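Side-chain atoms are counted along with the backbone in the values below, which use heavy atoms only and exclude waters and symmetry mates. Note that this is a predicted model, so its numbers are computed, not measured.
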Amino acid sequence: MADAQRYLVAVDTGGTFTDLAIYDQQTGKTQFGKTLTTPANLVVGAMQGLAETGVPVAQARVFTHGTTHVINSLLERRGARTALVTTRGFRDVLEIGRGNRAEPFNLRYRRDPALIPRVLRFEVTERIGGQGEIVEPLDEAELHAIAGELRAAQVEAVAVSFLNAYRNPMHEQAAAQFLERLLPGVFITTGSSLTRELMEYERSSTAAANAFVGARMRGYIDSFGDALREDCFDGRFCLMGSNGGVMSAATAIERPIALVESGPVGGCIGAAAYAQALGIERMVAFDMGGTTAKCALIENAGFEVVNTYFVNGYEHGFPVRTSVLDIVEIGAGGGSLAWIDDNGRLQLGPRSAGSEPGPIAFDRGGTQPTVTDANVVLGRLGSRSFLDGRLPLNVPAAAQGVRVKLAEPLALHGEQGVDRAAQGILDLACVAMANAIKEITIERGRDVRDYKLFAFGGGGPIFASELARDLGIGEVIIPPQPGAFSSFGMLLAPLRRDIAATFLHELDEQRLQQARSEFDRMEAEGRQALAEEVDIRALKLRREADMCYRGQSHTVKVALESSADANEVRAAFEQAYQARYGHLNEDSPISFVMLRLVCEVPMTGPDLRQVAVEVSAKSSATPADWRDVHFGVAGGRTRTPIYRRAELRIGDAIDGPAVVEEFSSTTLVAPGDRLEVGVLGELRIHCAKKAN
C-alpha cells in the first residue's frame, strides 16, 4: 500500500476526554492518543489529539469518529427548533405515548415533556389504511399553508410522520419533497425513511428525535469533514453507529439518530474480539469514562443489538426505533460531582465536571470534588504519572476541596476524615456501577458469577477488582491501552447496515416462503446501499426475525437460516423463548412480527497479538516507585509498589496490593488479589473473595 494512505484512524469524543487509536496498515502497529475534550468545538479537540500523535491526516485511508454529541443533545434538549407534521387527528401522539404510567405507585410521576411542543405540531389531511391502501389523498393545499406557518415560526427542522406509513410511505415521501421545495435549508426527515416498523408513537418519536438533532449534526459532520479536508484528507470519513458498525458521513447526516450511542459501541466491539481470541464465552464489558459508566454483555464473542432505545430511560424518557447496542449507562464517571444534599447526606452525580472546568486536581477551575479527586486524594492516581505527566494533578487542592465541601459538613475531621469522605465518594460510585451490572445480568436471569469482568475506559481498571469482589466475579481482564479502548474497537468495526420490514403473519410453510422472498428484496436493498460506499465482495448477511406466540405483544429475536423449514424455525423460536421466559406455550401458534437483515462488510483492522507486543517488551516486574494508597479496608493506607505496564512481560505475576500505571489508565490490585499478564498482554486479576 502506498504511503499516501496507510493509516486507519479512530477518534472517540467523550464528555471529558477525546481518545484516539491509529493503525498503520504497513507496519501492523497501533498507537494511541488521549486529550481533553473541547466542548466549545469538539472538532478542535479531535484534531489536536491527532496532531499530538504525529500522524498526518493526509496519510489516513479511513477516519472513523464516535461521538456522544447526539445523545447529549437529546438529554440536554439542545437541538434545532423542530416541528412535526402528522396525520389529522394524531397531533398529540408524542404526548399520549403508550398511555401508561411507568411508575404506577409514584403519585408525583411525570414523563419528560414532548421533544416538540404542541404549538409546533401540525395536522394535514391524508390517510393510509392498515394494509397500505390510500384511504384519503394527501391535501397539498393544506400542506402549502402549513409550510407558510413553519416559515413564520422559523423552524430549523421538520419531522413528517403519517399513520401507517410503514406499510406505504408514499404520502410521507410526497410531503417531504413538497416541504423541501418550499423550505430550502430546513432539515426534513420522515418516519418511514428511519424505520419501517409498526407502532405510530415509536415512529413519530424517532422522526422527531432525528429532526431535533439532524440540523445541528449536519453542521457538525460537515465541519468535521471540512477540517479533515483542510489537512489534505481524501480518504473515507465514517461515523460509528449505535448498531456495532460504521456508516458513511452522508448516511449519518441523513439519519443521525443512528448515532445515539455512538461512543460506547467501540469498546464492546473490542471486548468481543478479545473474548473470541481468549476463548471466553461470557463477559461483562465495563467501560468507565470521565462522564458515565456503561456495561454490556458479551456472550459467544458477540453482543446483543436491540431495536428500541429510550432516551433518558424507560420511566421518564421517550423511545427511538433504531438498532442500538443493548447497554446500561449511568452517570458515574471520573468527573461525576460529589455533593451534600439538604438532609446532610453524601450524593454522587449525575452532574459531571466534564473537561471544563474538570476535577479540582486538574487545576482548570474546578471547585466541587469528583470521583477523580477522590482517587487522587487516596493515592490511587499518581500526581506525576497521570497521562505520562502531561496533566499534573494537584493533590493538595483536591484534598482541600474534599475537606471543605464534604468532610467538614459531614463532621469528619483531620486527614482521616478527608480519607473517609473520599472513600465515601468511591463507595457510592461502586454501588451505582454494581447495580448497573446486576441490571444486565441478574435482572435478566443470568448468574453474574458465571461471567468475567472486562474493564476499560480511563476509570474502569481502577474500580474493576472492587466491583468484581462485590458481585462475586472471580476474574477481571484489563486490555492493553484501556483508556483509549473504545477508539481501538472502532478500528475493528465493520461497515454495517440494518434493514427491517414488518411481517405480520403466522408461521407456516407458505408464510415462510413469503418471508424468504421479503428477505431477498431486503438483501438487494442492502447490497445496493453498501455498494455505493465500499467493495462488497466480502459482504456478510444475517437474517433474523422478531417472533411471538399469537396474541402476545412482546417478541423474542430468532436467527433464521435461509434453508430452515417451518419446524426448524419453530424450534429456534422455542429455544429463544425458553431462555428468556423459562417456559413454553406449546399449543399456541407462532407469529412473525418483524423481519430483520444485518448487512456487514468487514474492515481490515489491527491484530490483537501485535497490540500485545507493545506492552510485553523489556524488563521484569520490578516496582518503579512506592506510594501510600488507601484501599478502603480497615487500617487506612498501605505502602504499595507502583509498576509501569510497559515494563511487564507476558507471564509476569504480581501479588496485591499493587498499582499498575500506563498512559491512559491506572489498574488497582487490591490486597489478596493476584495479577498475571496474559498471552495478549492483557492484565488478568484473580480476585480474592469478599470477607463476610
Side-chain angles (χ1 to χ4, degrees), residues 128-134 160-173 176 189-207 210 241-245 247 251 254-255 257-258 305-309 319-324 496-531 539-548 550 552-564 566 569 572-573 576 590-600:
I128 298 290
Q131 302 305 313
E133 74 279 12
I134 297 177
V160 180
S161 182
F162 293 157
L163 188 67
N164 293 326
Y166 75 95
R167 283 288 197 187
N168 182 351
M170 185 198 317
H171 282 179
E172 278 193 358
Q173 293 170 353
T189 191
T190 66
S192 58
S193 67
L194 303 171
T195 174
R196 295 296 294 274
E197 301 186 35
L198 72 169
M199 298 187 180
E200 71 277 8
Y201 167 53
E202 284 78 3
R203 283 185 293 106
S204 297
S205 181
T206 304
N210 196 66
S242 305
N243 61 357
M247 65 182 72
T251 301
E254 177 187 344
R255 49 179 67 195
I257 198 63
V305 173
V306 296
N307 67 308
T308 303
Y309 176 87
V320 292
R321 278 287 170 89
T322 185
S323 297
V324 179
R496 172 166 169 161
R497 177 67 65 91
D498 290 10
I499 302 173
T502 300
F503 192 77
L504 300 172
H505 298 288
E506 288 190 6
L507 171 64
D508 58 32
E509 285 296 344
Q510 180 182 356
R511 296 303 187 183
L512 184 57
Q513 183 57 44
Q514 291 179 12
R516 293 192 189 104
S517 299
E518 182 66 11
F519 273 123
D520 291 341
R521 182 198 64 77
M522 294 160 67
E523 287 184 8
E525 179 185 339
R527 289 176 185 278
Q528 181 179 354
L530 290 177
L539 176 66
K540 296 180 179 179
L541 301 169
R542 186 167 71 250
R543 296 180 175 187
E544 299 171 339
D546 293 352
M547 305 181 70
C548 64
R550 183 170 63 187
Q552 293 182 332
S553 58
H554 294 284
T555 62
V556 295
K557 186 179 292 185
V558 180
L560 296 183
E561 297 294 334
S562 57
S563 59
V569 173
F573 167 79
I590 296 171
S591 297
F592 291 104
V593 178
M594 295 295 306
L595 303 181
R596 302 186 185 279
L597 180 71
V598 178
C599 310
E600 292 183 342

Would you say the side-chain atoms of E172 pair up with the backbone N or O of F162, donor to acceptor, closer than 3.5 Å? yes
Do the non-hydrogen side-chain atoms of E525 and L597 ever get within less than 4.5 Å of each other? no
Can you list the steps and then say if K557 with N307 is a side-chain contact (heavy atoms from CB on, under 4.5 Å)? CA-CA 10 Å; K557 186 179 292 185; N307 67 308; over 6 Å; no
Residue pair I590, V569: steps toward the side-chain contact (heavy atoms from CB on, under 4.5 Å) verdict: CA-CA 10 Å; I590 296 171; V569 173; over 6 Å; no
Test item: V320 and T308 side chains (from C-beta on) under 4.5 Å apart, heavy atoms: no
Hey, does F519 have a side-chain heavy atom less than 4.5 Å from the side chain of L560? yes
Gap between atom CE of M199 and atom OG1 of T502 - 0.5 Å precision: 9.5 Å
Tell me whether N164 contacts the main-chain N or O of I128 through its side chain, where contact means a donor paired with an acceptor under 3.5 Å. yes
Hey, is the main chain of G130 close enough, under 3.5 Å, to the side chain of R167 for a donor-acceptor pair? yes
Can you check whether C548's main-chain N or O pairs, donor with acceptor, with T555's side chain at less than 3.5 Å? no
Should R203 and E200 count as an ion pair when the cut-off is N to O under 4.0 Å? no
Minimum heavy-atom separation for F503 to R511, with atom names? CZ-O, 3.5 Å
Rounded to the nearest 0.5 angstrom, the CE-OH distance for M594 and Y166 is 9.5 Å
Distance col, row C599:SG vs R496:CZ, nearest 0.5 angstrom, shows 9.0 Å
When rounded to the nearest 0.5 angstrom, what distance separates CG in L595 from CD in E518? 6.0 Å
Atom CE of M522 and atom CZ of R543: how far apart are they, to the nearest 0.5 Å? 9.0 Å
Contact summary for A566 and L512, nearest pair of heavy atoms: N-CD2, 3.5 Å
Which heavy atom of T189 sits nearest to which heavy atom of S193, and what is that distance? OG1-OG, 4.1 Å
Counting distance only, does the side-chain N/O of T206 pair as donor-acceptor with the main-chain N or O of R321 below 3.5 Å? yes
Test your reading of the model: is there a side-chain donor-acceptor pair from S205 to the backbone of P319, 3.5 Å cut-off? yes
Considering all heavy atoms of both residues, which atom of A500 and which atom of R196 are nearest to each other, and what is their separation? O-CB, 3.7 Å
Which atom names give the shortest non-hydrogen contact between E506 and S591, and what distance separates them? CG-OG, 3.5 Å
Write down the atom of G241, the atom of M247, and the distance for their closest heavy-atom approach. CA-CE, 3.8 Å
How long is the span from the CG atom in N210 to the OG1 atom in T190, to the nearest 0.5 Å? 9.0 Å
Identified side-chain contact (heavy atoms from CB on, under 4.5 Å) partner of R255 from the options T322, L194, T195: L194
Is any side-chain heavy atom of V593 less than 4.5 Å from a side-chain heavy atom of L198? yes
Presence of salt bridge, R596 and D546, under 4.0 angstrom: yes
